[in-house]
Amino acid sequence: MTTEITTAAELHKIDPVFGQLSFDNHEQIVFCNDKDTGLKAIIGIHNTVLGPALGGTRMWKYANEWEALNDVLRLSRGMTYKSAISGLNLGGGKAVIIGDSKVDKTPEMITKFGEFVGSLSGKYITAEDVGTTTEDMDRIHKVTSSVTGISESLGGSGNPSPVTAYGVYMGMKAAAKYQFGSDNLSGKKVMVQGIGHVGETLVKYLTEEGALVQIADLSQSRMEEVAKKYGATVYTGSDLYSAEVDIYAPCALGATVNDETIDRLKAKVIAGAANNQLANEQVHGKILQQKGILYAPDFLINAGGIINVYGEIVKYDKAEAMRRTENIYNTTLDIFNLADSQGLTTYQAALALAEKRIADRKKEMSK
Ligand code: NAD
């Protein structure tokens, strides 16, 4: 007798990997385990139609392995669309290492992880993400060439974060143009949540243009440092989502636009660096549209980093990477117009454009 499966929890019990809510026809999922170094990592290869799956490695203290698997599935899928919409010949992949990067990371663990990456013979290419650094990529480079974001002294393009920040800035300006009628951010109140590698450079661009920037981060000392450096204001309230700002820039972790926060948002534009900002892209994308909050799709505007590291695979040219990243401004406006004309959310419009590019390539390949 077969019983009907009605909930995601029931589905998990039967199909723990392919039954994951975030599973989206990923091509390959690799579980990496090394007892000696304590490495536990998962590499997610979502789609390689456009090229090798390139995406960073995140090291994070996940509450459990399900959370890590869910994250790598969501992140790798996002990379497929990010590269596709940016016109790069890359597929989508991502890796997660389970652990606290400040406590658990060792050179041996990173080397071992590099060996696992190398064993995939170029199908997955790694780079930095939250919890990993250029130094880690240099270490991985010693055992495999399937790595980008390595130091300039080794022929790489260095830390991609400043380029990511520039793309987010371009996307934010396009969103301001569409929502407020001008892309001049002078006098606009912006909340930057997370002032790490990307967030800090974004704060720099914004304050230079005269935006009134508030910053929020888990680290008090970091906030004080960045506030002093750029003349930003440390947010001292208890609920940054309900802060009276024009623009909310999520630059920490994903899923901050969720059932709990969405009704409290006062900002009229969401434009930031974090991946997977909408906890549920379909549901929350629609609610934002109904509330008149313009959402600049994350995978579109945070593509500066991947555009920059892509140069390491073809031929690195900083000026070309910046030019391509600057073009995020135009693509973002195109997406807003497309969404408007087709009655789609901005997320759906961006996704449609990315999916079309992949489908077109698949068609070409089958000829
Ligand atoms: P980072 O680790 O350097 O910075 C993240 C910052 O967010 C840290 O300062 C941390 O303290 C803060 N933070 C974490 N949780 C927070 C919370 N709940 N509230 C407030 N602050 C919090 O990371 P990064 O490289 O700056 O990346 C930021 C985001 O952008 C990540 O989601 C990353 O995946 C995404 N992203 C980064 C790049 C890149 O080039 N670095 C490219 C694309 C997307």
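Each ligand, and each atom within it, is numbered from 1 in the order the structure gives.
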What is the ring orientation for F299 with Y347, classed by angle as parallel under 30°, tilted 30 to 60°, or perpendicular over 60°? perpendicular

Which residue and atom name correspond to the protein heavy atom nearest atom 30 (O) of ligand 1, and how close is it? A273 O, 3.3 Å

Would you name the heavy atoms of N275 and K82 that are closest together and state the gap between them? OD1-NZ, 3.1 Å

Nearest non-hydrogen protein atom to atom 4 (O) of ligand 1, with distance, is G196 CA, 3.2 Å

Salt bridge check: are R222 and D217 linked by an N-O gap of less than 4.0 Å? no

S161 heavy atoms within 4.0 Å reach ligand 1 at atoms 39 (C), 40 (O), 41 (N)

Check for a donor-acceptor pair, side chain of S83 on one end and backbone N or O of T80 on the other, with a separation under 3.5 Å. no

At a 4.0 Å threshold, what atoms of ligand 1 neighbour a non-hydrogen atom of K82? 43 (C)

Return yes if a side-chain donor-acceptor contact under 3.5 Å exists between N159 and S161, otherwise no. yes

Suppose I only count heavy atoms of A252 and a 4.0 Å limit; which atoms of ligand 1 are within that range? 7 (O), 13 (N), 14 (C), 15 (N), 16 (C), 21 (N), 22 (C), 28 (C), 29 (C), 31 (C), 32 (O)

One residue to check: R58. Relative to ligand 1, which of side chain, backbone, both or neither has a non-hydrogen atom less than 4.0 Å away? side chain

At a non-hydrogen distance cut-off of under 4.0 Å, which region of V163 contacts ligand 1 (side chain, backbone, both, or neither)? neither

Decide whether Y235 and Q193 meet the rule of one side-chain donor and one side-chain acceptor closer than 3.5 Å. no

I want to confirm something. Looking only at heavy atoms, which of L218, I301, N308, N159 is nearest to atom 15 (N) of ligand 1? L218

Assess whether a salt bridge exists between K142 and D138, defined as any Lys/Arg side-chain N lying under 4.0 Å from an Asp/Glu carboxylate O. no

So does E67 have more than 12 non-hydrogen atoms from other groups sitting under 6.0 Å from CD? yes

Which residue supplies the protein heavy atom nearest to atom 43 (C) of ligand 1, what is that atom called, and how far is it? N302 O, 3.5 Å

The option among P160, G194, G149, G167 carrying the non-hydrogen atom nearest to atom 7 (O) of ligand 1 is G194

Part of T164 within contact of ligand 1 (heavy atoms, under 4.0 Å): side chain

Salt bridge check, E208 against K204: does any charged N sit closer than 4.0 Å to a carboxylate O? yes

For atom 28 (C) of ligand 1, what is the closest protein heavy atom, and at what distance to 0.1 Å? C251 O, 3.2 Å

Closest to atom 37 (C) of ligand 1 (judged by heavy-atom distance), picking from L75, T201, V198, V130: V198

Out of D217, N275, V168, L202, whose heavy atom sits nearest atom 21 (N) of ligand 1? D217

Do Y310 and S86 have a side chain donor and acceptor closer than 3.5 Å? no

Identity and separation of the nearest protein heavy atom to atom 3 (O) of ligand 1: H197 ND1, 2.7 Å

